[in-house]
Amino acid sequence: MEPVRPEFVPDPDASRAEMEALQREVAAAAVWEDDFDFAAERVSARGDSTLAEAADDSTERPLVAGVDQAFLEDRAVSVVVVRRGDEVVERAHAVTDLEIPYIPGLLSFREGGPILAAFAELDADPDLVVFDGSGRIHFRQAGLATHLGATLDVPSVGVAKGLLCGAPDDDLDERPEGWRTPIRADDSVENAADGTVIGHALQSRQYDTRPVVNPIYVSPGHRVAVGTAADLVERLCDGYKLPEPTRLADAYADDVKAEYA
DNA sequence: GCGACAG
DNA sequence: ATCTTGTCGC
């Protein structure tokens with residue numbers, strides 16, 4: 001899979017001002033409305049149970065990809081795992097030199113190139129890509145999921161374990177499983193009107209007692225509406241805090257890393 | 001100047 | 001992200 005918008009490919013050698021300018025362009029080109037050709041109800045972490053549904057598995061179920069990375073000193077191990085239902089249909093990876101350090105707000109310039117290298121090794125073209133990081137929940141609404149989703153022109157969502165910016169409508173403490181609250185743009189988001197819903201905090205997993213689980217932060221990447229992004233990710237969380245595609249990508253990244261260590 | 005900050 | 005032992009529970 002190659003970039004459909006080469007001009008959006010993040011350049012680690014760009015100046016900070018150029019990076020931010022590109023992010024504004026990406027945000028302006030990003031689509032935050034549903035624009036995908038699969039049924040959201042057909043997205044799930046598990047496979048179909050009935051024979052009738054299993055029969056049309058290959059034609060009806062969308063290809064959902066999970067993307068994650070692991071690191072070796074100054075190299076990144078980037079992986080893409082593609083599934084149809086609960087079946088892994090393809091895995092791709094790339095080991096790339098890292099050019100710049102992690103800077104909040106500029107993550108895609110550090111990890112974007114490496115991730116695109118992994119996509120270049122991928123034959124399948126996914127119906128939906130789940131990235132580990134923010135999408136619209138970003139200072140310029142151009143987080144990793146939005147930047148790479150727009151570059152590849154593929155429907156995408158971002159799932160982050162921490163909140164980069166914006167403010168939740170309600171307190172996030174000890175909420176029940178399935179609970180969600182909007183994340184709205186505040187002064188830190190320069191290109192969105194104050195109060196614009198840019199994502200959701202989603203309590204994807206919670207225990208009845210002891211361990212208090214933190215929520216995940218879901219936001220649209222590209223071609224997915226803010227509410228739909230949360231719906232899709234919720235369907236992909238099979239009793240775990242993180243969606244199954246990213247859990248699989250996580251595990252595969254560790255495997256590949258072990259081979260290069 | 002102070003605080004906040006995905007992976 | 002990564003560095004790390006043990007520990008509680010199904």
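Numbers restart at 1 for each chain; the letters A, B, ... are given by sequence-line order, proteins then strands.
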Fill in the blank from the handout: note: Phe109(A), atom CZ; dA1(C), atom P; distance rounded to Å ~ 21 Å
Exercise for the section: Round to the nearest Å and state the distance from Glu73(A) atom CD to dC3(C) atom P. Expected result: 10 Å
Practice task
Could you tell me the separation between the CG atom of Asp254(A) and the P atom of dG7(B), rounded to a whole number of Å?
Solution key: 15 Å
Practice task
Answer with yes or no whether the side chains of Thr228(A) and Asp34(A) bring together a donor and an acceptor at under 3.5 Å.
Solution key: yes
Handout entry: Nucleotide dA6(B), atom P - distance to CZ of Arg136(A) in whole Å
Key = 20 Å
Practice task
Send over the distance from Ile103(A) CD1 to dA1(C) C1', rounded to a whole Å.
Solution key: 15 Å
Problem - Residues, nucleotides or ligands: over 12 heavy atoms within 6.0 Å of Glu174(A) CD - result: no
Exercise for the section: Indicate, with a heavy-atom threshold strictly under 4.0 Å, whether Gly143(A) touches base, sugar-phosphate, or nothing. Expected result: base
Practice task
Please confirm whether the backbone N or O of Val43(A) pairs with a side-chain atom of Arg235(A), one donor and one acceptor, at under 3.5 Å?
Solution key: yes
Exercise for the section: Mind checking Leu106(A) for me? I need base, sugar-phosphate or nothing, with any heavy atom below 4.0 Å counting as a touch. Expected result: base
Handout entry: Sugar-phosphate only, base, or nothing, as touched by Gly158(A) at under 4.0 Å among non-hydrogen atoms
Key = nothing
Practice task
Ignoring the backbone of Phe71(A), work out which of dA1(C), dC5(B), dA6(B) is nearest its side chain.
Solution key: dA1(C)
Practice task
Write down the distance between CD (Gln69(A)) and C1' (dG7(B)), rounded to a whole number of angstrom.
Solution key: 8 Å
Problem - Residue-phosphate contact under 4.0 Å: Lys161(A) side-chain N/O, dG7(B) OP1/OP2 - result: yes
Handout entry: Pair Arg24(A) + Glu190(A): basic N to acidic O under 4.0 Å
Key = yes
Exercise for the section: Write down the distance between CD (Glu99(A)) and P (dG7(B)), rounded to a whole number of angstrom. Expected result: 22 Å
Fill in the blank from the handout: Leu98(A) CG to dT2(C) P, in whole Å, measures 11 Å
Handout entry: Tyr217(A) side-chain N/O to dA6(B) phosphate OP1/OP2 under 4.0 Å
Key = no
Problem - Lys NZ or Arg CZ of Arg84(A) over Phe38(A) ring: under 6.0 Å, within 45° - result: no
Problem - dT2(C) OP1/OP2 closer than 4.0 Å to side-chain N/O of Lys257(A) - result: yes
Exercise for the section: Name the nucleic acid region contacted by Leu163(A), choosing base, sugar-phosphate or nothing; use a 4.0 angstrom heavy-atom cut-off, strictly under. Expected result: sugar-phosphate
